[in-house]
Amino acid sequence: MIYSPRGVEDILPSKTPLYQWVEKQAERLFQLYGFEEIRTPIFEKTELFLRTVGQETDVGKQMYTFKDKRGRSLSLRPEATASIARAYLEHKLNSKRGEWRVYYMGPMFRYERPQAHRLREFRQIGVEVIGQESPWLDVEIIEMAFQLLRKLGIASFDLHLNYLGCQKCRKRYVEELKQYFSSKVQYLCSVCQQRYQTNLLRILDCKKAQCRQVTEKAPEIITYLCPDCQEKFSRLQEGLTFMKIPFILDHQLVRGLDYYTRTIFEITSTQLGAQDAICGGGRYDDLIEELGGPSTPAIGFSLGVERLLATLNNPDTERQMRVRPLLYIATVGEEAKKVGIHLVTLGRSLGMRASLNLYSKGLSWQLKSAHRAGASWVVMVGEDEIRRGEYILRDMYSGEQKQVTESELEGIMRDLGQERKVKS
RNA sequence: GUGGGCGUAGCUCAGUUGGUUAGAGCACUGGACUGUGGCUCCAGAUGUCGGGGGUUCGAAUCCCCUCGCUCACCCCA
């Protein structure tokens with residue numbers, strides 16, 4: 001017996017309607033905001049992610065990397081933004097004509113120790129807007145994320161917000177921070193001592209008590225923002241307040257990807273436990289340029305689908321997925337199966353969802369099976385019916401049944417098929 | 001990478017001073033109802049007790065190893 005690899009899971013038919021429902025809600029909403037779908041490859045050259053995500057970040061270290069037959073290093077995508085930025089440049093979609101708004105949904109891969117709401121293959125839904133620097137866009141994007149969460153019926157969540165500034169202010173800040181930490185390195189945990197060399201900002205959100213003591217009094221980036229960033233940050237807060245979007249300013253918030261600039265945010269569910277981040281995003285105004293393109297501002301976010309579903313307290317699959325009524329054809333004898341294949345095909349051609357029983361079982365078993373399948377009607381075909389040229393049609397809700405000729409049955413199936421079309 | 005918890009029927013789980021044939025509920029199969037579902041009743045089938053080794057007259061139970069799952073740290077969606 002071969003089992004699935006660690007950290008991945010099958011989404012069985014009992015669960016897929018929920019995924020479809022979430023995806024549909026997201027799609028509809030994003031389209032209202034002017035987004036179009038993009039589908040990028042599941043794997044890319046490893047180099048792309050190392051350049052964008054960052055080599056020293058956790059996400060960078062958690063990649064599924066492999067060599068192809070020519071020895072080229074490829075990696076399964078740990079996130080989508082890098083691919084989208086790459087595609088933007090590769091297809092020369094410059095921003096002169098305005099912003100480029102795209103959304104995506106699909107699996108991402110990170111090699112981590114699996115735990116509740118953290119898998120090695122997980123699905124994300126996200127958006128990116130490339131070519132717009134206005135902080136009002138940040139408001140629009142965050143507002144859209146809120147809309148989606150509300151639409152999905154996710155009740156309690158918090159928006160954590162921070163502002164990292166641009167290269168200029170960050171440079172001054174990092175210098176200041178380095179100076180501040182220089183005398184205190186010995187008080188930091190071993191990981192942070194490493195970070196002092198490679199990834200200074202990460203020290204800020206280290207959860208260890210010993211590091212907390214040091215970071216508590218560390219200078220905050222807010223006080224080092226350049227006039228332009230200050231202006232943008234206050235516009236952002238003004239906009240969020242104006243749109244009645246509550247947020248929590250969190251100066252310790254530093255995201256796990258190197259490319260972020262200015263606005264960063266994370267939405268956490270208050271009912272998930274340890275892995276509570278259901279949405280994360282922010283600006284990456286320098287990324288396109290770092291990839292060799294013109295200086296182009298951009299912003300995006302992504303949501304973890306599994307985590308979204310985990311916050312839905314009562315995922316009622318039946319209600320989410322309204323399925324068509326089912327016509328079940330029960331047969332007794334080989335000759336009846338032959339008639340059955342004809343009838344089931346006829347029904348389907350008239351727009352009915354129909355299924356044909358091929359097991360050589362008694363009627364009792366077949367009705368039970370029809371009931372289990374949720375059939376609304378059962379047509380019974382046996383030797384007597386074939387001889388008479390009339391089949392038995394049973395209404396599975398009332399239990400009433402009557403004899404119908406094939407042309408009568410055809411009429412009924414046409415009505416039922418039609419009726420459904422009008423409703424949907 | 002570091003810790004904790006757990007692996008008994010298809011599923012959820014009982015099963016302590018180690019003692020005959022390892023249990024329940026749900027699901028399943030058959031019957032009451034021999035060509036008519038849901039409800040009820042009756043009957044039945046089901047296990048390498050995760051795997052390997054050890055202790056013992058005897059191990060699901062105790063010890064060691066191993067695999068798997070799970071939760072947490074870390075980090076993130």
Side-chain angles (χ1 to χ4, degrees), chain A residues 1 3-7 9 14 22 53-54 56-62 77-81 104-126 145 157 160 189-192 194-195 199 202 205-209 211 253-257 260 264-269 272-281 300-311 328 330-333 336 357 361-385 391-401:
Chain A
M1 179 68 200
Y3 296 93
S4 59
R6 187 153 206 223
E9 64 179 9
S14 59
V22 168
V53 169
E56 288 304 321
T57 61
D58 294 282
V59 174
K61 289 173 187 159
Q62 291 161 347
R77 58 184 190 189
E79 55 102 40
T81 305
Y104 59 87
M105 34 191 65
M108 306 294 160
F109 305 84
R110 291 180 199 175
Y111 190 93
E112 296 178 88
R113 196 85 168 255
Q115 72 184 67
H117 315 126
R118 188 175 75 185
L119 292 169
R120 290 182 174 179
E121 180 188 19
F122 59 100
R123 272 140 282 272
Q124 284 190 339
I125 293 177
F157 51 84
H160 297 265
C189 70
S190 58
V191 182
C192 283
Q194 191 74 28
R195 285 174 178 153
N199 205 343
R202 297 298 283 163
D205 69 351
C206 184
K207 306 291 189 298
K208 296 228 171 65
C211 299
L253 178 66
V254 176
R255 312 216 60 252
L257 305 162
Y260 282 112
I264 57 167
F265 63 93
E266 214 167 85
I267 298 176
T268 56
S269 164
L272 268 195
Q275 307 303 323
D276 63 350
I278 52 178
C279 174
F301 69 71
S302 66
L303 298 116
V305 180
E306 284 79 4
R307 289 186 189 177
L308 282 180
L309 291 178
T311 63
Y328 185 103
T331 59
V332 179
N357 171 62
K361 295 274 196 175
L363 249 195
S364 186
W365 185 92
Q366 297 189 58
L367 278 166
K368 201 183 279 180
S369 142
H371 179 75
R372 260 200 295 259
S376 309
W377 294 275
V378 172
V379 174
M380 285 170 263
V381 185
E383 285 172 28
D384 296 349
E385 286 72 30
Y391 311 119
I392 300 168
L393 176 67
R394 181 182 180 87
D395 180 326
M396 289 296 276
Y397 296 113
S398 64
E400 286 167 19
Q401 51 187 53

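Order of the sequence lines sets the chain letters (A, B, ...), proteins ahead of strands, with each chain counted from 1. These numbers come from the heavy atoms of this one structure, side chains and all, not from hydrogens, waters or symmetry mates.
Side-chain atoms of Gln115(A) come within donor-acceptor range of the base of rC74(B), with a qualifying N/O pair under 3.5 Å. No donor-acceptor contact under 3.5 Å links the side chain of Glu383(A) to the base of rG35(B). Residue side chain Arg394(A) reaches the base of rG37(B) through a donor-acceptor N/O pair under 3.5 Å, judged by distance alone. Side chain Arg118(A) to base rC74(B): a donor-acceptor pair is found below 3.5 Å.
Picking from rG35(B), rU29(B), rC76(B) the nucleotide with the shortest atom distance to the side chain of Asp276(A) gives rC76(B).
Rounded to whole Å, the distance from CD on Gln275(A) to P on rC71(B) is 10 Å. Atom pair Lys361(A):NZ and rU36(B):P shows a separation of 16 Å (rounding to whole Å applied). The CZ-P distance, from Arg120(A) to rU70(B), rounds to 11 Å in whole Å. Atom CG in Leu363(A) sits roughly 9 Å away from atom P in rG37(B) (whole-Å rounding). Per the geometry, CG belonging to Leu303(A) stands 13 Å off C1' belonging to rC76(B), to the nearest Å. The CG atom of Leu367(A) sits 9 Å away from the P atom of rU36(B) (whole-angstrom rounding). Atom CZ of Arg113(A) and atom C1' of rG68(B) are 12 Å apart (whole Å). Gln366(A) places its CD atom 12 Å from the P atom of rU36(B), with the value rounded to the nearest Å.
If you check rA45(B) for Watson-Crick or wobble pairing at under 3.5 angstrom, you find it has no partner at all. Of the nucleotides present, none pairs with rC76(B) by Watson-Crick or G-U wobble criteria with both distances under 3.5 Å. If you check rG38(B) for Watson-Crick or wobble pairing at under 3.5 angstrom, you find it has no partner at all. Judged by Watson-Crick or G-U wobble contacts below 3.5 Å, the nucleotide rG23(B) has rC13(B) as its partner. In this structure, rC69(B) and rG5(B) make a Watson-Crick or G-U wobble pair, each of the two defining distances being under 3.5 angstrom.
At a threshold of 4.0 Å, the pair Arg123(A)-Glu306(A) counts as salt-bridged, since one of the basic side-chain nitrogens sits closer than that to a carboxylate oxygen. Between Glu400(A) and Arg394(A), none of the side-chain N atoms (NZ, or NE/NH1/NH2) sits under 4.0 Å from a carboxylate O, so this pair counts as no salt bridge.
Smallest separation of non-hydrogen atoms from Arg307(A) and Ala277(A): NH1-O, 2.8 Å. For Phe301(A) against Cys279(A), the heavy-atom pair with the smallest separation is CD1-SG, 3.8 Å.
Between Tyr260(A) and Lys368(A), the residue anchored nearer the 5' end of RNA chain B, judged by the nucleotide with its closest heavy atom, is Lys368(A). Each of Ser4(A) and Val254(A) was matched to the nucleotide of RNA chain B holding its nearest heavy atom; the match closer to the 5' end belongs to Ser4(A).
Separating the P atom of rC42(B) from that of rU61(B) is a span of 36 Å, rounded to the nearest Å. The same atom, P, is picked in rC11(B) and in rC28(B); the two are 15 Å apart, to the nearest Å. Between rU48(B) and rA9(B), the distance separating the two C1' atoms is 13 Å to the nearest Å. Nucleotides rC57(B) and rU12(B) place their P atoms 38 Å apart, quoted to the nearest Å. Separation of the C1' atoms belonging to rC67(B) and rG51(B) is 7 Å when rounded to the nearest angstrom. Straight-line distance between the P atoms of rC49(B) and rU21(B): roughly 14 Å, to the nearest whole Å.
Among the atoms of the strands shown, none is found under 4.0 Å from any heavy atom of Gly273(A). Residue Leu308(A) is classed as having no contact, given no heavy-atom separation below 4.0 Å to the nucleic acid. In this structure, Glu112(A) reaches the bases: a heavy-atom distance under 4.0 Å links it to at least one base atom across the strands shown. When heavy atoms are screened at a 4.0 angstrom cut-off, Leu272(A) is found touching no nucleic acid atom at all. Contact annotation for Met108(A): no contact, since no heavy-atom pair falls under 4.0 Å across all strands. The residue Gln401(A) sits close to a base: some heavy atom pair falls under 4.0 Å. Gly362(A) comes within contact range of no nucleotide atom at all, as no heavy-atom separation falls under 4.0 Å. Among the heavy atoms of the strands, none lies under 4.0 Å from Arg123(A). At a threshold of 4.0 angstrom between heavy atoms, the contacts of Glu121(A) with the nucleic acid are absent. Here Ala274(A) lies in heavy-atom contact (under 4.0 Å) with a base.
Gln366(A) places a side-chain N or O within donor-acceptor distance of the main-chain N or O of Thr331(A), the cut-off being under 3.5 Å. Of the possible donor and acceptor atoms, one in the side chain of Glu79(A) sits under 3.5 Å from a partner among the backbone N and O of Thr81(A).
If you check the side chains of Ser369(A) and Tyr328(A), you find a donor sitting under 3.5 Å from an acceptor. For Gln62(A) and Arg110(A), the side-chain atoms include no donor-acceptor pair closer than 3.5 Å.
Using a 4.0 Å cut-off, some side-chain N or O of Trp365(A) falls inside it from OP1 or OP2 of rU29(B). In terms of phosphate contacts, Ser364(A) brings no side-chain nitrogen or oxygen within less than 4.0 Å of OP1 or OP2 of rU36(B). Close to rC69(B), at under 4.0 Å from its OP1 or OP2, lies a side-chain N or O of Arg6(A).
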